[in-house]
Amino acid sequence: MINTNKINLDFNISELNSIAALGNRPKADLSTPWCNVVRVNNAVDLSEKYQDICKKHYDNSKWILMINPESDSLEQLSNMGKINPAKILKVNANKVNVSLEHIKSTLLKGTCSAMILSDTNYNEDELNEITQCAALGKTQCILLQQINSVKTQQLH
């Protein structure tokens, strides 16, 4: 007697292994912009962006993951009742290793409705990899970049 469950299990495991390997991933449907770079002018603009993102990507069964968020802006929005802090995971890159591989792995899992990365710099190839992982995991990836912090660094 042939055990068809074992055949299906073997096939699924090999399929998962090939998807997990970055070079062997199937083509993602990139018709939807899964990765966006959003410019932020100041603290008020940042708070508005956080609020918009949280409203747009709120999902009862998924998290919104924020890497290096501006805590004051989040706390203010939470106190005002404009965002639900229960569905937001905050990660500080100074305390936890947040490598590109970790970001891609998290995006592929699809456990978050959105991932927000603050003040990060990736080259074009890295952004393409992030976009592909976001599309495969159906997770919106938003890169917030403060315009003022770049100007300040150039003056010194």
Problem set entry | Test side-chain contact (heavy atoms from CB on, under 4.5 Å) applied to Asn68 and Val98, step by step | CA-CA 10 Å; Asn68 291 332; Val98 184; over 6 Å; no

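- Atom CG of Leu77 sits about 8.5 Å away from atom CD1 of Ile88, to the nearest 0.5 Å.
- One distance of note links CG of Asn36 with CD1 of Ile142; it measures 6.5 Å at 0.5 Å rounding.
- Sorted by first and then second residue, the pairs that involve residues 44-57 and meet side chain to side chain donor-acceptor pair (under 3.5 Å), not counting sequence neighbours, are Asp45-Lys49, Ser47-Ser73.
- Looking at every heavy atom in both residues, Lys90 comes nearest to Ser71 through NZ-OG, 4.2 Å.
- Here the side chain of Thr131 pairs a donor or acceptor atom with the backbone of Leu127 at under 3.5 angstrom.
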For this session: Evaluate the criterion side-chain contact (heavy atoms from CB on, under 4.5 Å) for residue pair Met115 and Ile103; output intermediate values, then yes/no.
Result: CA-CA 9 Å; Met115 177 187 287; Ile103 290 169; 3.7 Å; yes

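- Of the inter-residue distances, the one linking Thr139 atom OG1 with Ile130 atom CD1 reads 12.5 Å to the nearest 0.5 angstrom.
- Separating the CD atom in Gln145 from the OG atom in Ser118 is a distance of 10.0 Å, to the nearest 0.5 Å.
- Leu107 CG to Leu136 CG: the interatomic distance, rounded to the nearest 0.5 Å, is 10.0 Å.
- Side-chain contact check for Ser99 and His102: at least one donor-acceptor pair (N or O, by modelled atom type) lies under 3.5 Å.
- Considering only residues two or more places apart in sequence or on other chains, Lys138 meets the side-chain contact (heavy atoms from CB on, under 4.5 Å) condition with Trp34.
- When all heavy atoms are compared, the tightest approach of Ile53 to Ile64 is O-CD1, 4.4 Å.
- Pairs engaging residues 67-76 under the salt bridge (charged side-chain N to carboxylate O under 4.0 Å, His left out) rule: none recorded [sequence neighbours left out].
- The side-chain contact (heavy atoms from CB on, under 4.5 Å) check on Leu89 picks up Trp63, Leu65, with sequence neighbours excluded.
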Exercise. Checking side-chain contact (heavy atoms from CB on, under 4.5 Å) for the pair Glu129/Gln132: CA distance, chi angles, key distance, verdict?
Worked result: CA-CA 5 Å; Glu129 289 179 31; Gln132 188 173 17; 5.7 Å; no

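- For Asn123, the side-chain contact (heavy atoms from CB on, under 4.5 Å) partners at least two apart in sequence or on another chain are Asp125, Glu126.
- Taken from CE in Met66 to CG in Asn92, the straight-line distance is 14.0 Å, to the nearest 0.5 Å.
- By the side-chain contact (heavy atoms from CB on, under 4.5 Å) test, Tyr58 pairs with Asn60, Asn84, Lys87, sequence neighbours left out.
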